[in-house]
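Each chain gets a letter, A, B and so on, in the order its sequence line appears, and its residues count up from 1.
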2 protein chains.
Amino acid sequence: MTLSRIYMEQKKNLKIVEKQLESVLWAPHPILNEASLDLLKAGGKRIRPLLTLLCAQYGDPSRKAVIDSAVMLELIHMASLVHDDVVDDSNLRRGKPTVKAQWDNRVAMYSGDFIFAKAIELISDLENHEIHRSISRVIRDLSLGEIDQIKELYNWKQNLRVYLRRIKRKTALLMALSCQIGALAAGCPSKVGIKLYYFGYYLGMSYQITDDILDFVGTNKQLGKPAGGDLRNGNITLPTFFALNKYGMRNAIRNVLESSSTDQGQWDTVIQEIRDSGAIQDSERLSDNYLRKSREILDQLPQLSTARSLKEIADYIGTRNY
Amino acid sequence: MTLSRIYMEQKKNLKIVEKQLESVLWAPHPILNEASLDLLKAGGKRIRPLLTLLCAQYGDPSRKAVIDSAVMLELIHMASLVHDDVVDDSNLRRGKPTVKAQWDNRVAMYSGDFIFAKAIELISDLENHEIHRSISRVIRDLSLGEIDQIKELYNWKQNLRVYLRRIKRKTALLMALSCQIGALAAGCPSKVGIKLYYFGYYLGMSYQITDDILDFVGTNKQLGKPAGGDLRNGNITLPTFFALNKYGMRNAIRNVLESSSTDQGQWDTVIQEIRDSGAIQDSERLSDNYLRKSREILDQLPQLSTARSLKEIADYIGTRNY
C-alpha cells in the first residue's frame, strides 16, 4: 500500500504549498534562513497539507484560503517540531541533526517562535471565526502537550488515559485540525468540518500509536537509531503500557527505568521482552480500532472520490512499516 | 511626577485584568502554575493594559473586548519576556530569578509557549479582522526582535537605524499595539486606532531609550545589579552608540568588547567615561524628541480627559528614574 496515486493527484497543489512555505520562511537573518531551509529540505510527508487539500474537496477546493490553510498547518507542525526537540533534548530527527543540535536551544527557540509567528500571520488572513477558534484551541493544547512530554517521563504508573491524552495533543489534534480547516476553508458547513475533524482525530491517534509501535519493532536502519528509543528516553508509550499492566513486566521495566541504567544490554533485553509479549499486538488492535472509527466517519459524508483517497490514507497508516 | 492618579482611576479595571490574568494562566501542571504565578507576582507596572484601557476611552470602554484585549496584551508581553530571558541568558529580572534560572530553558520555553497560546485564544475571540492583522504583524516582528537581540551583540559597528529597529521590535511595537487595540476594541474607527498606534510607538521608543539610559546612570540599588549591564553583556544601546560615534571612545569600547574582559575595573572605567561624555544627554534628547511626537499625536485627537492621562504617562516616561 502506497500513497503515490494520491500524491500524484495532488502534486500541483503540494508544489504550490512547498513554494509558499519557502517564500513565507524567508527572513533577513542568515541563521534563521539556514535553519528554516534545513527544516524544509528535511521534507517529511506533508501529511497535514495533504489532508487539508483532500478534505477541501468536500467544498470548493479552488478557494485561496485552502492553500493558505495547508501552508499554515505545516508551519504550525514545523514550529512545534523545533520546540519539541528542545523539550525532548533530541539531537536527531529522521537521521538528521535537529536545529537545537546544529545550533543551540536558543536558535531552536527563536526559529520556532518565528515559524509560529508566520503561521499566525496566515491565520489572521483567514477571515473566519470558526477557523480561528478551532486553531487557537488546538494551539493551546499543543503547548500543553509539550509539557506532558516532560511531565510523564519515567512515570511507569501512568494510566492509559494519560497516554491517550498525550498522543492526542502531540499528533491527533493537528491532524484533526488539518482536516476540519480544509473543509471550512473550502466553504463547507460546520457539521462537515466537525465530522472531518473527528476523521482526522481518529486517524492521528492511529498514526501516533503506529509510530510508537514502530519504535519497538523497526530495524535500526528504518529508525536511524536502535529500537526502543522511546523507552530508553523514559517515554512510556502504548506497547510499554501493555507490557507493564498486562504481561507481568512491571518489575523488569520499573527496574530499568528507575536505575536509569547505562548498560545497553539490560535495555535490549527488556525491549526484546516487550516485543515478544502480546503488547505489540494489543497496540495494533487499538490502532485498528481508531482506524475503523475514522473510516466510519467517512461513510457519513457524501461519497466523493476524495473519500476514497482519505480511506486509502487510513489503510496506509494501518499497514505502514516505516 | 507619578502615575498614581491614573492608576487610581483605573484601579477597578486593572483589578479585573489581574483577576483574568490569574484565571487564564491556571493550568493543570504544577510547575507551569508556579512559573506563571511567579510572573504574575513579579507584577510590573502593567503599562500595556493601562494604555489599552486609557485608549479605549476614545470609544466605548465598557465593551467586553476592551478588558480581554488588555489581558491578551499583557500575556503577549509576559510570554515574550520569558523567551527573551532564554535568548539573553538572563538569570535576574527586577532582582528576582527568571523562569529559566529557577527551572531551566525548557521550562521557560514551554511556559512562554503556553502563555502565548492563551493569548492566541483570547485573540481568536476578538472578532475583528483589523485587530487580528495588526496583532499578527506585531507578533512576527517581536519574533524577529528576539533574533536581533542575539545577532547584534558585540557588534560595535552597528548604525543608529539598527538600534532603533531593535528597540522598536523589542518595546515600541507592543506599546503601539496596546494603544491601537484599545481604541479598536472600544469601537473607534480605524484612523483613531492608527493615530493611537503612533502615539504608543513614539512613547515606546522613548520608554526603551530611557531604560537604556537608566542602565548607565542608575545606582546599583535602583538597578539590582551594577550599572552598564547592557554593555557588559555586549548589548550596544544608544548611550554606547553616541560614545562610539561622537565622543571618540571607539578604541576604548572596542577593546573592552573584543577582549571580553573579565576585569570589572576595566569595564567600570569605560562605563564611567560613557556617562561623563555627552552620550547620556544626546540620548535624552532623542528620547524627548519621541515624547514630543507622541504628545503631538494626541493634539490631533478629541481633547478628552483620557488625553490628559496619556500625556501624563508621556511626562512620566520623560522624568522617570527607575
Side-chain angles (χ1 to χ4, degrees), chain A residues 24 27-32 35 79-80 82-89 100 103-152 165, chain B residues 24 27-32 35 79-80 82-89 100 103-152 165:
Chain A
V24 159
H29 286 280
I31 291 187
L32 191 57
S80 76
V82 179
H83 279 196
D84 274 357
D85 289 335
V86 175
V87 171
D88 298 342
D89 205 16
K100 74 142 238 129
W103 288 278
D104 58 26
N105 280 339
R106 300 192 306 173
V107 173
M109 201 191 68
Y110 73 58
S111 303
D113 284 352
F114 171 72
I115 296 169
F116 191 62
K118 298 302 281 191
I120 306 267
E121 257 192 301
L122 282 176
I123 296 167
S124 78
D125 288 337
L126 301 169
E127 304 196 350
N128 177 322
H129 299 307
E130 197 178 356
I131 291 184
H132 287 169
R133 282 217 193 80
S134 203
I135 295 173
S136 72
R137 267 195 302 268
V138 168
I139 287 172
R140 177 203 56 201
D141 285 342
L142 285 180
S143 85
L144 288 173
E146 267 179 16
I147 305 167
D148 287 339
Q149 300 272 92
I150 301 182
K151 196 180 150 213
E152 302 300 341
R165 191 183 61 193
Chain B
V24 158
H29 287 277
I31 292 187
L32 190 58
S80 75
V82 179
H83 278 195
D84 275 357
D85 288 335
V86 175
V87 171
D88 298 342
D89 205 15
K100 72 143 238 129
W103 288 278
D104 58 27
N105 279 340
R106 300 192 306 171
V107 173
M109 200 190 70
Y110 73 58
S111 302
D113 284 352
F114 171 73
I115 296 169
F116 191 62
K118 298 302 281 190
I120 305 267
E121 256 191 302
L122 282 176
I123 296 168
S124 78
D125 288 338
L126 301 169
E127 305 196 348
N128 177 322
H129 298 306
E130 196 178 356
I131 291 184
H132 287 170
R133 281 214 195 80
S134 201
I135 295 173
S136 71
R137 266 195 303 269
V138 168
I139 287 172
R140 178 202 56 201
D141 285 343
L142 285 179
S143 85
L144 289 172
E146 267 179 18
I147 305 167
D148 288 338
Q149 300 273 92
I150 302 183
K151 196 179 148 211
E152 303 300 340
R165 191 183 62 192

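Between the CZ atom in B:Arg106 and the CD1 atom in A:Ile150 there is a gap of 4.5 Å [rounded to 0.5 Å]. From A:Arg140, atom CZ reaches atom CG of B:Leu122 across 11.0 Å, with rounding to the nearest 0.5 Å. Once rounded to the nearest 0.5 Å, the distance linking OG of B:Ser136 with CG of A:Asp125 reads 7.0 Å. The CG atom of B:Leu142 sits 10.0 Å away from atom CG of A:Asp113, with the distance rounded to the nearest 0.5 Å. To the nearest 0.5 Å, the span separating CD1 on B:Ile139 from CD1 on A:Ile123 amounts to 9.0 Å. Going from atom NE2 of B:His129 over to atom CG of A:Leu126 covers 10.0 Å, rounded to the nearest 0.5 Å.
Top candidate by heavy-atom pairs under 4.5 Å with chain A, chosen from B:Ser143, B:Ala117, B:Ser111, is B:Ser143. Contact tally against chain A (heavy-atom pairs below 4.5 Å) for B:His132, B:Glu146, B:Glu121, B:Lys118: the top residue is B:Glu121. Counting heavy-atom pairs under 4.5 Å between each of B:Lys151, B:Met109, B:Arg137 and chain A puts B:Met109 at the top. Here B:Ile147 is the residue among B:Val86, B:Ile147, B:Asp148 with the most heavy-atom pairs under 4.5 Å with chain A. Listed options A:Val107, A:Asp104, A:Asn105, A:Leu144 were ranked by heavy-atom pairs under 4.5 angstrom with chain B; first place goes to A:Leu144.
The part of A:Leu32 that comes within reach of chain B is its side chain, from C-beta onward, which places non-hydrogen atoms under 4.5 angstrom from that chain.
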